[in-house]
*Asks:* 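The structure under discussion is supplied below as C-alpha cells; questions concerning it will follow.
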Amino acid sequence: MDANGTSSFDPDAPLGSDSGGHNRRRAAIAVAPFLAIGLGNLVLLLGWGIEPLWAFAILPPILFCSVLAYIVFSTDFLSDRT
C-alpha cells in the first residue's frame, strides 16, 4: 500500500500474494481457466450427443481437481517447496 492508500504493482508478485492468510483472489484466477476448460469439455460431450451419464462421469474429477488446486493456491501450501 502506498501512503495514499492505493496498492502499487509489484513485478515480482503480479497476482499480489499476501504473506500470511488466504489469497482467494489469486487462487480463483489460477483455477478458473482449468475449470472453464473442463466444463467446456462437458458441454462439448453433451453437444455431440453422447449419453448424459457418460458426459457427467467426468464432472466429479474436474470439480475435485479444481477444488484441490484452489486449496493449494489459496493457502500457499507449496510456497516453502519452491
*Asks:* Report yes or no: do Leu44 and Leu59 belong to one cluster of Ile/Leu/Val/Met/Phe/Trp/Tyr joined by side chain heavy-atom distances under 4.5 Å?
*Replies:* yes
*Asks:* Taking all heavy atoms of Tyr70 and all of Val31, pick out the closest pair and write down the distance.
*Replies:* N-CG2, 3.6 Å
*Asks:* Is it possible for you to say whether Ile50 and Leu39 belong to one hydrophobic cluster, with membership spreading through side-chain heavy-atom contacts below 4.5 Å?
*Replies:* yes
*Asks:* What heavy-atom pair brings Pro61 and Ala57 nearest, and what distance separates the two atoms?
*Replies:* CD-O, 3.6 Å
*Asks:* Can you get from Leu46 to Trp48 by hopping between Ile, Leu, Val, Met, Phe, Trp and Tyr side chains that sit under 4.5 Å apart?
*Replies:* yes
*Asks:* Hey, what do you get for CZ (Arg24) to CD1 (Ile29), rounding to the nearest 0.5 Å?
*Replies:* 14.0 Å
*Asks:* Do Phe64 and Leu42 share a hydrophobic cluster, counting only Ile, Leu, Val, Met, Phe, Trp and Tyr and linking them when any side-chain heavy atoms are less than 4.5 Å apart?
*Replies:* no
*Asks:* What distance do Leu45 atom CG and Ile58 atom CD1 have between them, rounded to the nearest 0.5 Å?
*Replies:* 5.0 Å
*Asks:* At their closest point, which heavy atom of Leu35 faces which heavy atom of Ser66, and how far apart are they?
*Replies:* CD1-OG, 3.4 Å
